[in-house]
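What follows is a single structure, written as structure tokens, with notes after it.
Sequence lines set the chain letters: A, B, ... in the order given, protein chains first and strands last, and positions in each chain run from 1.
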2 protein chains.
Amino acid sequence: MKPTIKDIAARSGVSIATVSRVLSQKTGTYSEKTQAKILRIAKELGYRKNTAAVELVKKRSAVIAVILNATPTNFSTGVIDGIQKRASELGQGVIILYAGNRDAQMLHKAIVTALERTVSGILLTAIEPDDADLTLLKDSGIPFCFVSLYLNQPKILSVSSNNESITSQAVDYLVEQGHTAIALAGIDGYHTGTQRIAGYEAGLKAHGITTSCIKYGDYSYESGRKLLQEFLPLKVTAIITASDMIAAGILNAAQEVGIRVPEDLSLVSIDGTIICNITTPDLTSVTQDFYRIGSRSVDQVMGHDVETFVPVKIEKRGSVKQLER
Amino acid sequence: MKPTIKDIAARSGVSIATVSRVLSQKTGTYSEKTQAKILRIAKELGYRKNTAAVELVKKRSAVIAVILNATPTNFSTGVIDGIQKRASELGQGVIILYAGNRDAQMLHKAIVTALERTVSGILLTAIEPDDADLTLLKDSGIPFCFVSLYLNQPKILSVSSNNESITSQAVDYLVEQGHTAIALAGIDGYHTGTQRIAGYEAGLKAHGITTSCIKYGDYSYESGRKLLQEFLPLKVTAIITASDMIAAGILNAAQEVGIRVPEDLSLVSIDGTIICNITTPDLTSVTQDFYRIGSRSVDQVMGHDVETFVPVKIEKRGSVKQLER
DNA sequence: CTGAAAGCGCTTACAG
DNA sequence: CTGAAAGCGCTTACAG
């Protein structure tokens with residue numbers, strides 16, 4: 001049988017209240033002598049605290065629930081590292097719940113699981129809930145925060161890059177390099193995509209460019225490969241891609257049909273993960289700080305007042321050609 | 001205040017026992033009429049089960065703890081997907097605990113956390129505990145299973161690829177392609193590395209090759225880049241790499257100094273993730289079935305009798321040249 | 001098919 | 001500094 005505080009109390013001749021105080025370090029409520037004895041006996045017995053019992057009486061568990069969807073993007077590693085690190089600093093555990101791929105049912109189930117565990121906070125990573133789930137979250141009394149997704153609604157916590165800024169910076173950079181026929185590829189049809197389109201079009205407009213070209217996709221390598229086909233008949237000189245994977249797909253498919261990057265086609269990728277170093281040539285990117293997005297989202301959901309947008313930066317590598325004007 | 005079964009009982013005029021039976025679907029112990037009423041009222045009140053209370057009385061939580069270390073490898077996604085999927089099929093939640101980077105303290109803390117939660121099983125992914133922690137696990141009464149690591153000890157559950165088979169197959173394939181000067185690069189100094197070395201040397205021996213060449217590393221892209229330098233003075237024609245990232249690093253560093261792959265140097269990578277498609281040329285690999293490793297580890301830890309080794313396969317892509325004999 | 005009661009292992013005012 | 005007692009929200013024999 002697993003030992004409990006009752007066993008420790010019996011062996012050490014004190015009450016379970018005292019054992020509890022020592023074990024949960026209510027400093028100042030016990031003598032050093034008692035502490036030493038209890039700690040020794042606890043160790044002897046191989047005592048382990050029962051978290052369920054603690055959570056039941058405290059009515060809140062020191063755990064942050066992270067809900068992820070299984071999109072084919074690889075950005076989540078950095079985000080989760082950041083979450084994990086910061087959560088651990090704040091004494092919070094992390095529980096990961098998958099929500100499938102834009103699967104409303106699985107998402108709902110994940111949210112319910114988090115609520116049933118009375119977690120201290122819920123982080124929704126690259127997830128867009130429907131109205132019912134949003135209401136459920138709001139009514140739960142448990143703080144929640146969107147991560148890597150900006151809903152632009154009042155009183156809703158979120159931490160992400162500024163998507164409009166991402167694409168407008170990419171346009172600025174490409175125009176600076178002499179490009180005017182600039183496409184946007186692999187974008188999704190939801191909030192993130194919409195915001196990126198807005199920044200892209202604002203960027204074009206600011207430079208007096210009137211032709212835009214937008215292709216949708218799902219962030220994956222395969223999606224990038226397919227998209228290249230659609231660009232073949234068009235005469236763009238540069239493409240901004242919604243992810244490193246999209247960029248890699250376009251790049252490789254382009255090279256297979258004899259289109260050289262950056263000589264014939266320039267690429268600016270959004271994300272800036274290690275993928276950008278692995279391709280040949282390596283990819284110029286608008287780099288997101290995923291680790292920081294993750295760690296800051298923990299602060300946000302734990303009630304610390306931190307900013308929503310985490311800055312991005314352009315990293316110049318080998319996939320953009322400077323054009324003659 | 002969050003409603004409890006007591007509130008539902010009061011409103012519906014039955015006892016909390018009956019409410020509990022309905023809510024936990026102890027079929028056959030309640031009438032349809034009672035069920036309907038209780039379900040309706042539970043919904044009206046926005047009732048959520050309190051998992052902590054359930055776990056406390058059941059003395060076991062329907063959760064599998066996955067302990068990961070933060071190695072710079074990218075294989076974990078597939079493993080975790082597999083774990084998540086299979087766990088969900090079996091009605092188990094998944095909690096992820098990080099153990100840092102071969103950090104004994106963090107690992108110990110993660111194990112203790114899992115034990116304190118009385119999880120139904122513990123999965124240690126690419127983790128080697130010290131003797132104290134192994135004893136702790138054994139004495140806990142909670143089943144545990146090593147994932148993507150084979151300890152070769154009796155009565156210890158584990159699911160992984162057969163490391164000896166991985167490298168011996170790689171050697172076989174390279175010899176088949178006419179290579180005899182074959183190196184092994186990026187290997188670790190622990191169990192996995194040792195087993196891969198054994199398979200590599202057995203493979204060489206089987207083909208009467210007496211010269212071996214082994215370089216250690218840490219599975220990362222950067223590690224691969226550094227390793228190429230060490231190969232410069234040597235005259236190997238093929239390298240088996242410990243991970244796709246190592247392969248990518250060697251590949252890119254090689255191309256930068258004018259060594260062509262596969263013309264001047266052949267590469268067989270171990271892992272076979274999407275990285276192999278992204279590099280130029282793409283990488284021939286010994287592909288591990290990470291998804292299956294993950295899902296099978298769940299079966300293993302839940303007491304289903306499944307095999308330890310998940311088969312690997314050689315995937316021929318563009319990084320191996322056939323030599324004249 | 002249903003209820004009264006005990007109990008899971010802790011924490012925490014309250015009293016001393 | 002310590003103890004007795006109540007209670008967190010459930011489940012489950014037991015009895016009917």
(message) Could you tell me how far apart A:Lys58 (NZ) and C:dC10 (C1') are, to the nearest whole angstrom?
(response) 10 Å

(request) Using a heavy-atom cut-off of under 4.0 Å over every strand shown, decide if B:Arg60 touches base, sugar-phosphate, or nothing. (result) nothing

(request) For A:Ser61 and A:Glu55, indicate whether the former's side chain and the latter's backbone hold a donor-acceptor pair under 3.5 Å. (result) no

(request) Establish, for the pair B:Arg102 and B:Tyr190, whether the NZ or CZ atom is under 6.0 angstrom from the six-membered ring centre and no further than 45 degrees off its axis. (result) yes

(request) Whole angstrom is fine here: how far is it from CG in A:Asp7 over to P in C:dC8? (result) 11 Å

(request) Work out which heavy atom in A:Ser15 is nearest to a heavy atom in A:Ala9; give both atom names and the distance. (result) C-CB, 3.8 Å

Pairs under 3.5 angstrom, nitrogen or oxygen only, protein versus nucleotides 1-6 of chain C, please.
| from | atom 1 | to | atom 2 | distance (Å) |
| --- | --- | --- | --- | --- |
| C:dC1 | OP2 | B:Gly28 | O | 3.0 |
| C:dT2 | OP1 | B:Thr34 | OG1 | 2.6 |
| C:dT2 | OP2 | B:Ser31 | N | 3.2 |
| C:dT2 | OP2 | B:Thr34 | OG1 | 3.1 |
| C:dG3 | OP2 | B:Ser15 | N | 2.8 |
| C:dG3 | OP2 | B:Ser15 | OG | 3.0 |
| C:dG3 | OP2 | B:Thr18 | OG1 | 2.8 |
| C:dG3 | N7 | B:Arg21 | NH1 | 3.4 |
| C:dG3 | N7 | B:Arg21 | NH2 | 3.4 |
| C:dG3 | O6 | B:Arg21 | NH2 | 2.4 |

(request) Using a cut-off of strictly less than 4.0 Å, decide whether A:Lys26 has a side-chain nitrogen or oxygen near OP1 or OP2 of C:dT11. (result) no

(request) Could you tell me whether A:Ser20 contacts a base, only the sugar-phosphate backbone, or nothing, with contacts defined as non-hydrogen atoms closer than 4.0 Å? (result) base

(message) Could you check whether any side-chain N or O of B:Ser20 sits under 3.5 Å from a backbone N or O of B:Ile16, counting only pairs where one atom can act as donor and the other as acceptor?
(response) no

(request) Rounded to the nearest angstrom, tell me the gap between atom NZ in B:Lys59 and atom C1' in C:dG7. (result) 10 Å

(message) Could you tell me the Watson-Crick or G-U partner of D:dA4, where both distances fall under 3.5 Å? Say none if there is no partner.
(response) none

(request) Take atom CD of A:Glu116 and atom P of D:dG9, then tell me their distance rounded to the nearest Å. (result) 15 Å

(message) What is the distance, to the nearest angstrom, from the CD atom on B:Gln25 to the P atom on D:dT11?
(response) 11 Å

(request) Could you state the atom-to-atom distance from CD1 of B:Ile8 to C1' of D:dT11 in whole Å? (result) 15 Å

(request) For A:Asn162 and A:Tyr150, test the side chains for any donor-to-acceptor distance below 3.5 angstrom and give the result as yes or no. (result) no

(message) Counting C-beta onward and ignoring hydrogens, is there a side-chain heavy-atom pair between A:Ile67 and A:Ile111 closer than 4.5 Å?
(response) yes

(request) Measure from CD1 on A:Ile5 to C1' on C:dT11 and round the result to the nearest Å. (result) 8 Å

(message) Whether A:Lys49 contacts C:dT11 is assessed here as follows: a side-chain N or O lying under 4.0 Å from the phosphate OP1 or OP2. Is that the case?
(response) yes

(request) Starting at atom CG of A:Asn50, determine the distance to atom P of C:dG9, rounded to an integer number of angstrom. (result) 7 Å

(message) Taking the basic N atoms (NZ, or NE/NH1/NH2) and the acidic carboxylate oxygens, is any pair closer than 4.0 Å for A:Arg11 and A:Glu44?
(response) yes

